[in-house]
K.L.:
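Just passing along the structure, written as structure tokens.
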Amino acid sequence: MSEPAAIPAHRALGLTDAEYDLIVEKMGREPGPVELSMFSLMWSEHCAYKHSKKLLGQLPTEGRYLLMGPGENAGAVDVGDGLAVAFKVESHNHPSAVEPFQGAATGVGGILRDIFAVGARPIAVLDSLRFGEPDGTRSRYLLEHAVAGIGHYGNSIGVPTVGGEIYFEPAYEQNCLVNAMALGVAPHDRLTRAAATGPGNVLILFGALTGRDGIGGASVLASAELGEDDAAKRPTVQIGDPFAEKKLLECSLELLDRELLVSLQDLGAAGLTSSSSEMASKGGLGLDIHVDRVPLREPGMEPFEIMVSESQERMLCVVEPSKVDAVLAVCEKWETTATAIGEVTDSGHLRVIQNGAVVGDMPVIALVDDCPLYDLDPVKPTEPIYPAPPRTLRADDDDVQAILPELLGAPNIASRRAVFEQYDWLVQSRTVRRPDEADAAVLLLPDGAAIAVSIDGSGRRVAADPYRGTVEAVFECAANLACVGAEPLGLTNCLNFGNPEKPHVAWQLTESVRGMADACRALDTPVVGGNVSLYNESGGGPIYPTPVVGLVGRLPDASRAGRLGFALAGDAIAVVRAASPSLPGSELAKLRGEALPDGLPERNVAALRGAIELVRDAVRNGIVRSAHDVAEGGLAVALAEAALAGGIGAKVDLAAVGGHKRESKPLDVQLFGEGPGTFVLSGPRELLSELKAPDGVHLTVKVVGEVGGDALEIEHEGGTLAWSLDSLRDPRERGLADALDDTVRLDD
Amino acid sequence: MKMRVLIRPKAGILDPQGQAVERALPALGFDGVSQVHVGRLVELDVADPAQLPAMCDKLLANPLIEDYEIVSVEQAAPAS
Amino acid sequence: MKMRVLIRPKAGILDPQGQAVERALPALGFDGVSQVHVGRLVELDVADPAQLPAMCDKLLANPLIEDYEIVSVEQAAPAS
Amino acid sequence: MKFGVLRFPGTCDEVDAQLACERVANAEILWHGDRDLKGADAIVIPGGFSYGDYLRVGAIARFSPLMESVIDFAKQGGPVLGICNGFQILCEAGLLPGTLLPNSTLRFVCRQVDLTVERTDTVFTNACEPGETLSIPAKHTTGCWYAPKQLHEQVEANGQVLLRYAPGQNFNGSLADVAGVSNEAGNVFGLMPHPEHAVDPLTGSVDGLTLFASIRDSLAAHV
Ligand SMILES: Nc1ncnc2c1ncn2[C@@H]1O[C@H](COP(=O)(O)OP(=O)(O)O)[C@@H](O)[C@H]1O
Ligand SMILES: [Mg+2]
């Protein structure tokens, strides 16, 4: 390995002197180069969760529907009918910042492998993206290429991309976030764990050939802030090959269906090193790996290169000797290279062998479990961390008539059509609710029930209040599920934060995890898995703390899945409200160039949950014809979205909305104020007027207007506001599309 | 001036297209073919060829994963 | 023998990639560029170059819309 | 009556196509490496990314052993339906006129589109109403149908254009709004939109079903 003579190798590899000394202690000697490179990966933040593991312990991981919790490649919940749904979200932030198309594409490839590694057939992908403001060329370039990369991989492999979210904030200018979530289905008995068992069993590597891809890639990248010398990391960009992964996927599932495998594990970050040591660790055994047997794409690769290579589209499995031939035959059928590269031993050691000579010999426990876990020293910052954004609002502050169309065209609110039309959202014939049709994607199950899934995490609100902002993110997902009639089964998350060694980031992280834990408990929803991405702060300081939440739920009857668009002229419109909205930290406040508030209002969590259950039941019982939760842009934007989605107007009386705080708020707060716990429903008047808040729950349910016409009319104390649907549709449709249209991409 | 830019995957970078073609050819009865790589060809009329390297770095090629070579059409051999 | 196949859209055939590049270049500050066409480059090591025309007609190019040109790498001039 | 649905490495929509076929008849998936059509009365070449779409869409798949059998089957007048990638493969195989170029936007687009039925006296559209509009999703990057002038004129003169994008619906730049063309004999038909994804009210429209029903009915009429 070539690093300046000045720095000792372990530091160049991201290990502290103390960590190095501990390695020497555990080894009883100085590690050789192969061992050092492997330790440096296994003890990296990405693999060892050095700065997050202690916090993650707070997250509830028990639940009624839980089948497989954190610790496996993906978590899984029971969806009835003998079926399980496995899901997980993972980040590919740094690779995407270096090469957005391939970075995003291989991000999707990686999370899909986690899904079929547990024996589930991938049925859906969602993406969660964060960029700087789209008026910047670099941000537009990243957006265009990341979206194209996600589409390229998901579309080509035949897994629908059914949902996602995109936010644009200056805080992401230097650090875009690219998180991908995937879901898969499996019969309960096909769920597979990664533990290597049975000494004497054979270790088979199958899939793509091993090249010098991402040598010291993701793991090292993910553990050090991106420096000026990104270029130095470029030669090792990983190229995604969805065609190879499609064959790998079909091959893996056939191997499992034929019960030919003892265990299965994907190769992700840290390649063979982490996949093999994780398998050995989970089985409490050892492994011998013969690097000379690994099929290579490039000649003359060093043993350490083979062990740390992050070449994509590879899997590792443990097979009983008697089944090896059958396994190789299935791989042959799928044109997938498969090679026996080692065996399970009872040594408790991971041994790397080259042409009979041992070039690495490490206790598995030392590699996997002995990395020191660090306590954070969180300190709430006394100064604001994030500068106020520039004012971009063209309308006067009190010109609410002009503000609504402008909000609808704002990058964070405008239609995502230009993005989701680049994704195949329908392959596999399960998509009951497509993008823009409902607040959550709905996927049909064989028994006529359905899965609903939503992904969310507003970094701005978490930046304003890490605890309450994270609670809001979880409840936002639950609200989305409620609007299609689904009950949460399990949650996954990806914690995207800055450098945890800095006290204010440590505080953000600590508060955010505490909020997530409390919100999950409030909703009786376990965390089944996730991912952590730290050190997202190159150049312009830390990103907004961004816990991306993915929530998966179930509804008993797919044919009753809710829609967000108003449906029928004459239907009544009702507003359900559990908390009163406010402007600080809102989209409008951002457009007005206001700095983030120091904290968000406290919420009555029982009331939030009550509202969610009321809406869920209303949708399930067919009482409503539309349900939409109020989020960015507040009530006025939610009404406009429901009207545009249904292609029909509405008349609403603001005074009737009320809210449990009686004093009437300024008009802009009533129209554009944000906060969890507000829903817009429509349906037959006689049914809607029956809706009542359960006793003792602090909740208002009011019929406030009627569906009809081709304009949105809002009555308020001061008079009546009216917008033709066209005057709202145009800015909403163009807001993001325009940013994408002027970027060119030759096929990557 | 009529120029050509030949763009190909950097050495050592995975080239799925090249692999797919290399796999397909024997089945069609073409043997003895190896080292197949698939890239892009850009032909263009450019007033000032000195601008080409900059064009390649900015738009035509992806310097992270592709090498390029600039050829003037006169220099290139004629069609067979 | 190391060979190259240059494949380009036939004259008069719709070439959206070429058009896109031609539209994009001025925005990046490159003027005086016209007649942009984007095609494919196939590089390969072939035992018997006489097979190449057949390979092109059968697999590498689509005769309906593409012309091709076979160049031995030696002939191709290096970057200027 | 039995449909044979082809599966190549990289095919994505074969199961959806099989499910669609099974709504009107029987269907079996056929593996690209075999030559046996397993007694199928009609062939469906489904969508996806056979061989990763590498080199040129459809270029590699058309040489698989199974395709040779399909080509013979077609030459003997057997009905063959190519959807999206299947359409591209049939063009590459020379069974259908013209070819498919990248969308004018150069982007993958997934969108519900309206199609105008040009003829109802064919194997593939006899269950449609004359002038009927079908709402069917399309999803592709390379769906711009193109043929040189003379060939295009022939195709139109022979009435080989069975489906066109309705006004304002042609997002890929196809010549003359062509969404689906047949061969001269009328037994081979390819289209870019995905009828197999429009067969269930739960997941969208049901307008795609009529194309599969047409094939079944025309075969029934000929026995
Ligand atoms: N934020 C989180 N919340 C809950 N579980 C997490 C989180 N981050 C990581 N985990 C769990 O820790 C384990 C290791 O994660 P990771 O190294 O990303 O797995 P893999 O290498 O398979 O991607 C996984 O089981 C993952 O679900
Ligand atoms: Mg994994």
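Values reported hereafter were calculated over all heavy atoms of this structure, with side chains retained and with hydrogens, waters and symmetry mates removed. Just so it is clear: chains get the letters A, B, ... in the order the sequence lines come, proteins before strands, and each one is counted from 1.
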K.L.:
Checking L60(C) against chain D: side chain, backbone, both or neither under 4.5 Å from a heavy atom?
P.N.:
both
K.L.:
Look up atom CG in L151(D) and atom CG in L64(C), then write down how far apart they are to the nearest 0.5 Å.
P.N.:
6.5 Å
K.L.:
With a 4.5 Å heavy-atom cut-off (strictly below), which parts of residues 40-50 of chain C touch chain D? List them by number.
P.N.:
R40(C), V42(C)
K.L.:
Relative to chain D, which segment of K58(C) carries a heavy atom at a distance below 4.5 Å: side chain, backbone, both, or neither?
P.N.:
both
K.L.:
Return the CG to OG distance between L14(C) and S104(D), rounded to the nearest 0.5 Å.
P.N.:
8.0 Å
K.L.:
Could you check which of R56(D), R62(D), E92(D) has the highest count of heavy-atom pairs closer than 4.5 Å to chain C?
P.N.:
R56(D)
K.L.:
So, taking the atom named CD1 in I65(C) and the one named OG1 in T99(D), what distance separates them when rounded to the nearest 0.5 Å?
P.N.:
4.5 Å
K.L.:
Of all residues at least two apart in sequence or in a different chain, which pass the ring pair (Phe, Tyr, Trp, His ring centres under 6.0 Å) check with Y146(D)?
P.N.:
none
K.L.:
From N62(C) CG over to L100(D) CG, what is the distance, rounded to the nearest 0.5 angstrom?
P.N.:
10.0 Å
K.L.:
Which bit of C144(D) is near chain C, if near means a heavy-atom gap under 4.5 Å: side chain, backbone, both or neither?
P.N.:
side chain
K.L.:
Against chain C, label L101(D) side chain, backbone, both or neither, depending on which of its atoms sit under 4.5 Å from a heavy atom there.
P.N.:
side chain
K.L.:
What's the shortest heavy-atom distance between L106(D) and P16(C), and which atoms?
P.N.:
CD2-CB, 3.9 Å
K.L.:
Quick check on P148(D) against chain C: is it the side chain, the backbone, both or neither that has a heavy atom closer than 4.5 Å?
P.N.:
side chain
K.L.:
Tell me if the CD atom of E184(D) is crowded by more than 12 foreign heavy atoms within 6.0 Å.
P.N.:
no
